[in-house]
Amino acid sequence: MRTPKKIYSSVFSEFSLQFHTISCRESLLTSLLFALNSSHSVSCCRAIHARVLKSLNYRDGFIGDQLVSSYISLGFADDAEKLFDEIPHRDLVSWNSLISGFSKRGDLSKCMNVFLTLKSEFSLHMNELTLIPVVSACTSAKARHEGQYLHGIAVKFGMKLESKIANSLINMYGKFGCLDSAFRLFLEIPEPNLVSWNSMVAICTQNGIPDGAFQHFNMMKHNGLLPDEATIVALLQACENLPVVKLVETIHAVIFTCGLDENVTITTSLLILYSKLGRLHASHKVFTEISKPDKVAWSAMIAAYAIHGHGETAIELFERKVRQGMEPDHVTFTHLLSACSHSGLVEEGRYYFHIMSNVFGIQPRLDHYSCMVDLLGRRGLLNDAYELIKNMPLEPNAGVWGALLGACRVYRNIELGKEAAEKMIALDPLDSRNYIMLSNIYSAAGLWDDASKVRASMKAKGVIRTRGISFIEHGKKIHRFVVDDYSHPDANKIHEKLKELVRKIHEAGFVPETDSVLHNVDEEVKMGMINKHSEKIALAYGLLVTSSDEPIVIMKNLRICRDCHSTVKFVSLIEKRAIIIRDSKRFHQFLDGSCSCGDYW
DNA sequence: ATAGGGTTAG
């Protein structure tokens with residue numbers, strides 16, 4: 001069993017003192033249990049339970065409910081249910097505690113069962129605090145069917161427009177990707193409150209429409225509401241896939257002026273945002289200025305180092321913080337392992353994966369396995385990675401197979417790649433990337449027939465290929481390019497610049513990597529295809545419009561191809577420019593002919 | 001009179 005967190009053990013010792021000297025006050029016990037709810041200490045919970053049994057009749061008060069809730073949230077459902085059965089006069093609060101407990105554990109089926117039992121016994125008394133936890137459990141379990149059923153219940157009981165219920169449903173639909181339903185519900189609310197607006201801002205971003213997020217923010221202001229912490233965090237998130245460093249710097253200034261830089265949640269969001277925008281120094285500065293960085297903040301800093309490929313620095317930070325008494329959790333380890341993986345630190349990664357469970361008592365989750373498969377796979381240790389998957393105690397998910405698939409593509413392993421891709425396609429038949437990946441593996445091996453079969457099956461299922469898009473910021477605008485894009489007002493100039501660039505690097509000895517074109521066509525056609533890639537067009541535009549002392553920052557929604565990667569390295573050398581490209585996976589900072597990823601990606 | 005997850009950071 002894990003050691004209780006320090007804060008709670010100190011609360012508990014204080015409490016014991018009072019306990020023996022002062023008569024036991026129910027409210028004290030209750031608030032203490034409330035505090036324990038978020039801790040990992042079932043021993044504290046049991047101690048209180050025992051004490052309560054001796055000195056209080058918990059069956060009469062709400063302390064029983066709180067104990068029920070505590071036990072469940074700590075993962076002791078059996079104790080909770082036993083206790084629940086012992087409460088003779090169970091009121092709605094008792095039921096709600098049980099439901100809420102299962103919801104917090106993410107146990108949808110138990111949550112739903114209790115809810116249905118309650119509904120048949122207590123249907124008249126059901127309130128919003130009964131329904132909301134069940135909706136929330138559906139949201140995290142992505143249970144669409146059950147979610148719609150609950151929506152129906154809310155309608156039936158006339159609770160649909162109660163703001164808290166409506167907001168939780170809006171959020172649920174947003175998480176499901178059903179923006180239509182969410183919007184419809186939102187429009188029905190007579191007077192949306194701050195949380196309603198915040199939810200809209202958040203779900204727009206979650207569904208890939210950041211401009212929708214900004215629009216809702218503006219409408220919210222127009223309706224006379226003032227933003228709060230949640231609004232700002234959601235807005236910062238809306239910026240993370242756009243090249244909007246200057247906008248973010250403005251927001252940062254406002255945050256500073258309003259004194260919100262004291263708010264750890266906001267500064268942590270800002271930290272991670274800067275890192276996603278390629279400004280690791282700005283991230284680090286924000287981190288150092290946080291007066292009391294918590295675990296989330298320093299885990300975020302580790303994540304920032306990870307996506308920039310600074311594995312050693314991430315490890316240093318981790319070790320320093322642990323020496324200072326910070327207790328890492330499963331998320332901290334996810335970022336640490338990811339840092340090892342992005343920097344090729346295989347032995348270190350193995351070490352931390354080992355001590356995570358053996359020293360820190362944290363059982364590896366799916367994310368950790370994904371990181372380990374990635375770590376081994378990038379090094380070419382495909383069989384080790386495969387063995388890990390075979391022996392893992394959890395059912396591997398898309399993240400795990402995806403990591404293996406990525407490695408198979410790089411190391412051209414057809415057999416394992418096929419298995420991984422088929423698993424991925426079974427898990428998510430609508431994700432075009434899996435088909436493309438499998439097809440590319442076949443193409444790379446010259447198996448053109450197999451490749452075209454995969455593409456055909458993708459087409460037959462109506463899966464549409466995600467188009468590559470590159471973004472670049474200039475003149476307070478975001479410019480967007482797709483492959484072979486001539487839609488920009490300055491298209492002619494841009495393509496002329498690109499041609500000139502290609503000619504220049506060839507003269508300087510650049511050898512194009514046409515084998516990254518996975519179509520059965522001759523070399524010249526391949527050259528033509530490669531040189532139309534959206535990131536090259538964006539690069540040419542960047543060279544045209546930016547001054548030579550500022551870095552060119554490009555964002556891409558998919559991964560950069562090998563030829564573009566080499567091209568940009570060459571351009572950074574001969575044009576003497578700093579170029580930063582963030583693809584869907586990580587950062588590439590190009591300078592003097594080399595990339596920060598060390599070609600390890 | 002009380003208590004019981006609406007949104008938002010790693």
Side-chain angles (χ1 to χ4, degrees), chain A residues 26-27 29-31 33-34 37-38 61-70 72-73 91-104 106 111 127-137 139-140 159 162-172 174-175 182 186 189 192-203 205-206 213 216 220 227-238 240 263-273 275-276 283 286-287 290 293-307 328-336 338 367:
Chain A
E26 205 175 276
S27 62
L29 280 167
T30 310
S31 54
L33 276 163
F34 187 68
N37 247 335
S38 51
F62 51 78
I63 194 153
D65 305 333
Q66 196 56 248
L67 268 170
V68 164
S69 169
S70 298
I72 302 181
S73 61
D91 61 2
L92 186 62
V93 178
S94 322
W95 285 92
N96 288 354
S97 299
L98 198 59
I99 291 172
S100 143
F102 286 127
S103 173
K104 275 182 198 155
C111 186
N127 66 8
E128 60 177 22
L129 287 155
T130 318
L131 201 54
I132 289 169
V134 196
V135 173
S136 169
T139 307
S140 41
M159 303 197 297
E162 279 182 35
S163 64
K164 287 183 185 175
I165 303 243
N167 292 341
S168 70
L169 287 170
I170 287 173
N171 184 247
M172 178 186 82
K175 287 266 159 49
F186 177 72
I189 307 177
N193 63 14
L194 185 57
V195 178
S196 318
W197 285 106
N198 287 349
S199 303
M200 292 311 289
V201 175
I203 67 173
T205 303
Q206 286 157 10
H216 279 88
M220 177 191 122
D228 69 352
E229 174 188 298
T231 324
I232 293 172
V233 169
L235 278 178
L236 291 173
Q237 277 183 335
E240 73 176 36
N263 181 316
V264 196
T265 307
I266 290 178
T267 43
T268 304
S269 304
L270 198 56
L271 182 169
I272 202 74
L273 178 59
S275 82
K276 286 183 175 173
S283 278
V286 171
F287 179 66
I290 298 175
D294 59 8
K295 182 161 60 189
V296 178
W298 67 272
S299 300
M301 197 59 231
I302 290 175
Y305 286 132
I307 54 175
D329 65 12
H330 68 104
V331 187
T332 318
F333 274 102
T334 303
H335 295 314
L336 186 65
S338 151
D367 283 347

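On a predicted model such as this, the values are computed, not experimentally measured, just so you know. We name chains A, B, ... by the order of the sequence lines, and we start the count at 1 in each one.
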Pair of N/O donor and acceptor under 3.5 Å linking [N] base with [X] side chain:
| X | N | result |
| --- | --- | --- |
| D329(A) | dG10(B) | yes |
| S168(A) | dG6(B) | no |
| S199(A) | dG6(B) | no |
| S103(A) | dG5(B) | yes |

Would you mind reading off the distance between [X] atom [atom1] and [N] atom [atom2], rounded to a whole angstrom?
| X | N | atom1 | atom2 | answer |
| --- | --- | --- | --- | --- |
| I165(A) | dG5(B) | CD1 | P | 14 Å |
| N198(A) | dG6(B) | CG | C1' | 11 Å |
| F186(A) | dT7(B) | CZ | C1' | 12 Å |
| L194(A) | dG6(B) | CG | P | 14 Å |
| L273(A) | dT8(B) | CG | C1' | 14 Å |
| L129(A) | dT2(B) | CG | P | 13 Å |
| N127(A) | dG6(B) | CG | P | 12 Å |
| M172(A) | dT7(B) | CE | C1' | 15 Å |

Report which part of the nucleic acid [X] touches: base, sugar-phosphate, or nothing (heavy-atom distance under 4.0 Å, all strands).
| X | answer |
| --- | --- |
| A303(A) | sugar-phosphate |
| T332(A) | base |
| N193(A) | base |
| A300(A) | sugar-phosphate |
| T334(A) | nothing |
| V264(A) | base |

Side chain of [X] - closest among [options]:
| X | options | result |
| --- | --- | --- |
| T268(A) | dG5(B), dG10(B), dT7(B) | dG10(B) |
| P133(A) | dG6(B), dG4(B), dG5(B) | dG5(B) |
| N96(A) | dG4(B), dT7(B), dG6(B) | dG4(B) |

Quick one: side chain to side chain contact (heavy atoms under 4.5 Å, CB included) partners of N193(A), sequence neighbours excluded?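 Applying side chain to side chain contact (heavy atoms under 4.5 Å, CB included) to N193(A) gives S163(A), N167(A), V195(A), S196(A).
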Would one find a side-chain N or O of K276(A) under 4.0 angstrom from OP1 or OP2 of dG10(B)?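 No, outside the criterion.
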Think Q206(A) has a side-chain N or O under 4.0 angstrom from the OP1 or OP2 of dT7(B)?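 Result: no.
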Student check: side-chain heavy atoms of D329(A) and K295(A) closer than 4.5 Å: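 Side-chain contact under 4.5 Å: yes.
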Conformer about C1'-N of dG5(B) - syn within 90° of 0, anti elsewhere: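 Syn, angle within 90° of zero.
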Set of ring pair (Phe, Tyr, Trp, His ring centres under 6.0 Å) partners for Y305(A), sequence neighbours left out: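 By the ring pair (Phe, Tyr, Trp, His ring centres under 6.0 Å) rule, Y305(A) matches no residue at all.
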Using only heavy-atom distances, determine whether the side chains of T130(A) and N96(A) contain a donor-acceptor pair under 3.5 Å.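 Indeed, the side chains of T130(A) and N96(A) share at least one donor-acceptor pair under 3.5 Å.
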For N198(A) and T231(A), test the side chains for any donor-to-acceptor distance below 3.5 angstrom and give the result as yes or no.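 The criterion, which ignores hydrogens and geometry beyond distance, is satisfied for T231(A) and N198(A).
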Donor-acceptor pair, distance only, cut-off 3.5 Å: does the side chain of T139(A) make one with the backbone of V135(A)?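 At least one qualifying donor-acceptor pair exists.
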